[in-house]
Amino acid sequence: MSNTDKILILGGCRSGKSSHALQLAERMGKRRIFVATCVPHDDEMIARVDRHRQERSDTWKTLEVPVDLAGAISAHSPTVDVMLVDCLTLWLSNLLMKTPDAAKIQRMIDELADAVKAAPKAVVLVSNEVGAGIVPENRLARRYRDLAGWANQAMAAACNRVVWTVAGIPVTIKPPFQNTAP
Amino acid sequence: MSNTDKILILGGCRSGKSSHALQLAERMGKRRIFVATCVPHDDEMIARVDRHRQERSDTWKTLEVPVDLAGAISAHSPTVDVMLVDCLTLWLSNLLMKTPDAAKIQRMIDELADAVKAAPKAVVLVSNEVGAGIVPENRLARRYRDLAGWANQAMAAACNRVVWTVAGIPVTIKPPFQNTAP
Amino acid sequence: MSNTDKILILGGCRSGKSSHALQLAERMGKRRIFVATCVPHDDEMIARVDRHRQERSDTWKTLEVPVDLAGAISAHSPTVDVMLVDCLTLWLSNLLMKTPDAAKIQRMIDELADAVKAAPKAVVLVSNEVGAGIVPENRLARRYRDLAGWANQAMAAACNRVVWTVAGIPVTIKPPFQNTAP
């Protein structure tokens with residue numbers, strides 16, 4: 001790994017994404033920004049945010065950025081060693097709650113991908129896989145699932161490293177492993 | 001890859017299955033049939049079908065085959081270089097809407113697996129992973145999920161190559177990669 | 001593989017987990033206990049349990065253990081070659097139905113992990129990935145999903161081998177495969 005790596009950590013719920021992202025990011029230097037996309041608005045979320053905060057050492061500065069991730073990365077990446085964004089799926093929820101305009105959301109996804117690629121220092125992104133269950137009956141949930149899948153593809157393309165987490169185990173899928181079988 | 005490969009591309013929603021399937025299939029020759037199992041019946045599906053059609057070059061002939069996939073493969077594989085079937089999960093929906101007879105559906109799955117194995121030219125199958133979410137409350141959804149899982153296992157066994165897609169990244173899981181770790 | 005391996009088999013619904021677990025376990029010796037966590041209470045479950053029982057040869061002794069898995073492993077592992085527990089996700093359902101006390105459930109997960117590590121003979125655990133779909137609307141389902149993810153992480157950490165199954169194909173993710181790409 002190099003100190004300008006762009007890494008996407010992707011996995012299901014409770015698959016160890018956030019912990020693995022922290023471990024990777026903490027190897028990349030001392031000046032660290034944790035970008036929380038979560039704006040907690042109920043007890044369940046407040047508890048989750050607190051648990052995550054306790055997992056981080058106090059060497060992290062925390063920014064709450066519910067919407068303008070591209071702007072935050074462009075502004076702060078030059079000033080630190082590593083930015084960790086946790087997580088993209090909540091960011092997409094925030095966008096969907098703000099606007100019904102799919103083209104605008106798509107543009108913001110593209111801008112984020114561009115900002116990640118252009119960042120001068122390491123960026124680690126955490127995102128959820130939400131598309132491997134049954135098709136949701138709810139139309140908004142289907143739209144969200146589509147958006148999340150597109151965002152994950154865009155970020156995976158922008159990053160030089162993609163890690164799929166299962167049961168706490170990180171599986172690096174980009175760069176692809178060599179399938180040496182015949 | 002050889003020009004008689006049978007390949008299953010499997011992944012969650014918006015994981016890049018269809019695009020990867022197209023890329024693979026277009027390397028296998030010029031005479032191409034795209035088998036669409038989707039019979040679009042609402043605006044959302046029409047939009048999805050149109051988007052997929054625009055992604056294909058006009059070197060593809062399109063067949064709409066909602067039910068008899070085994071027959072279509074047996075009839076057309078000898079006449080082209082490659083057939084691409086997109087996707088098996090919609091095909092199973094079509095079967096479930098036609099008949100409540102589980103044994104009959106199982107037989108059609110087996111016939112499809114046989115037709116794929118017997119096809120003289122390349123066949124690429126696209127299917128969704130739908131079983132990695134929470135158990136659905138709806139009994140029909142659970143039946144569908146079971147069927148989809150069995151169909152995916154039958155097709156994975158019939159194919160010589162299986163690719164799992166995550167965030168647009170293809171991970172070849174059959175033939176299995178060599179785990180060279182101790 | 002050695003005859004004291006601790007193996008977690010993890011995958012979505014109908015991904016071939018149970019069949020693969022049986023194949024692995026049957027290589028580990030003749031004295032075998034199958035630990036069923038399922039206490040079937042409707043026709044759908046009775047049918048599923050029967051189907052699984054038919055897949056096993058009669059060299060297996062079956063124990064029904066809905067709750068005290070740690071105790072069953074500690075008591076019986078010294079007396080056999082291999083114990084196969086199928087599955088952890090139903091066990092967690094059983095715990096959730098018995099108690100609303102999250103700390104108590106967490107403690108039982110930890111005790112199970114300890115019992116698996118301490119077992120003198122091979123143990124094979126089967127569990128479902130349930131966290132890769134859309135966030136459930138139902139709060140209990142979200143709690144269950146969290147618990148299942150934590151349990152899977154704890155068992156993956158306790159085991160020396162973890163296998164992810166997709167469409168009947170086992171992919172060994174622990175020990176990690178060597179990513180030999182640059």
Side-chain angles (χ1 to χ4, degrees), chain A residues 7-15 88-89 92 102 109 113 125 127-167 169 171-182, chain B residues 1-2 10-20 42-45 47-48 51 87 89-90 92-93 127-138 140-149 152 160-181:
Chain A
I7 306 178
L8 174 66
I9 314 286
L10 183 68
C13 166
R14 304 290 150 250
S15 63
L88 297 182
T89 23
L92 288 172
I109 292 172
L125 306 168
S127 190
N128 276 66
E129 175 59 57
V130 298
I134 209 82
V135 179
E137 287 173 42
N138 173 326
R139 188 178 178 126
L140 182 63
R142 287 202 302 277
R143 255 198 82 202
Y144 174 72
R145 202 168 83 122
D146 279 356
L147 268 178
W150 280 320
N152 286 341
Q153 288 193 42
M155 298 313 141
C159 288
N160 62 304
R161 188 169 287 270
V162 178
V163 179
W164 167 250
T165 54
V166 180
I169 299 172
V171 181
T172 300
I173 58 175
K174 181 180 179 178
F177 49 84
Q178 302 294 318
N179 193 323
T180 56
Chain B
M1 290 194 302
S2 92
L10 184 68
C13 166
R14 304 290 150 250
S15 63
K17 298 180 299 296
S18 295
S19 304
H20 184 61
D42 67 26
D43 289 355
E44 194 179 344
M45 289 175 79
R48 191 164 283 198
R51 204 181 54 239
C87 67
T89 22
L90 275 172
L92 288 172
S93 295
S127 190
N128 276 65
E129 175 58 56
V130 298
I134 209 83
V135 179
E137 288 172 41
N138 172 326
L140 182 62
R142 288 201 302 278
R143 254 197 84 201
Y144 175 71
R145 201 168 83 123
D146 280 356
L147 268 179
N152 286 340
N160 61 306
R161 187 169 287 269
V162 178
V163 179
W164 167 250
T165 55
V166 180
I169 298 172
V171 180
T172 300
I173 58 175
K174 181 181 179 180
F177 49 85
Q178 301 294 316
N179 194 323
T180 56

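Proteins come first, then strands; the chains are lettered A, B, ... in the order of their sequence lines, and each starts at number 1. This one's a predicted model, so the numbers in the text were calculated from it and none came from an experiment.
- Heavy atoms only, all atoms of each residue included: A:Ala156 and B:Ala167 are closest at CB-O, 3.3 Å.
- For A:Arg142, the salt bridge (charged side-chain N to carboxylate O under 4.0 Å, His left out) partners are B:Glu44, not counting sequence neighbours.
- Shown here for B:Ile169 and A:Ile173, the closest heavy-atom pair between the two residues is CG2-O, 3.4 Å.
- In terms of heavy atoms, B:Arg14 sits closest to A:Gln153 at O-NE2, 2.9 Å.
- Side-chain contact between A:Val135 and B:Cys13: absent, with no pair of heavy atoms (C-beta onward) separated by less than 4.5 Å.
- With a threshold of 4.5 angstrom between heavy atoms, A:Ile134 approaches chain B through its backbone and through its side chain.
- Considering only residues two or more places apart in sequence or on other chains, B:Ala47 meets the side-chain contact (heavy atoms from CB on, under 4.5 Å) condition with none of them.
- The environment of CG in B:Asp43 is sparse: at most 12 heavy-atom neighbours from other residues, nucleotides or ligands sit within 6.0 Å.
- When heavy atoms are compared at a cutoff of 4.5 Å, A:Trp150 approaches chain B by way of both its backbone and its side chain.
- Chosen from A:Ala154, A:Gly131, A:Ser127, A:Gly12, the residue pairing most often with chain B at heavy-atom distances under 4.5 Å is A:Gly131.
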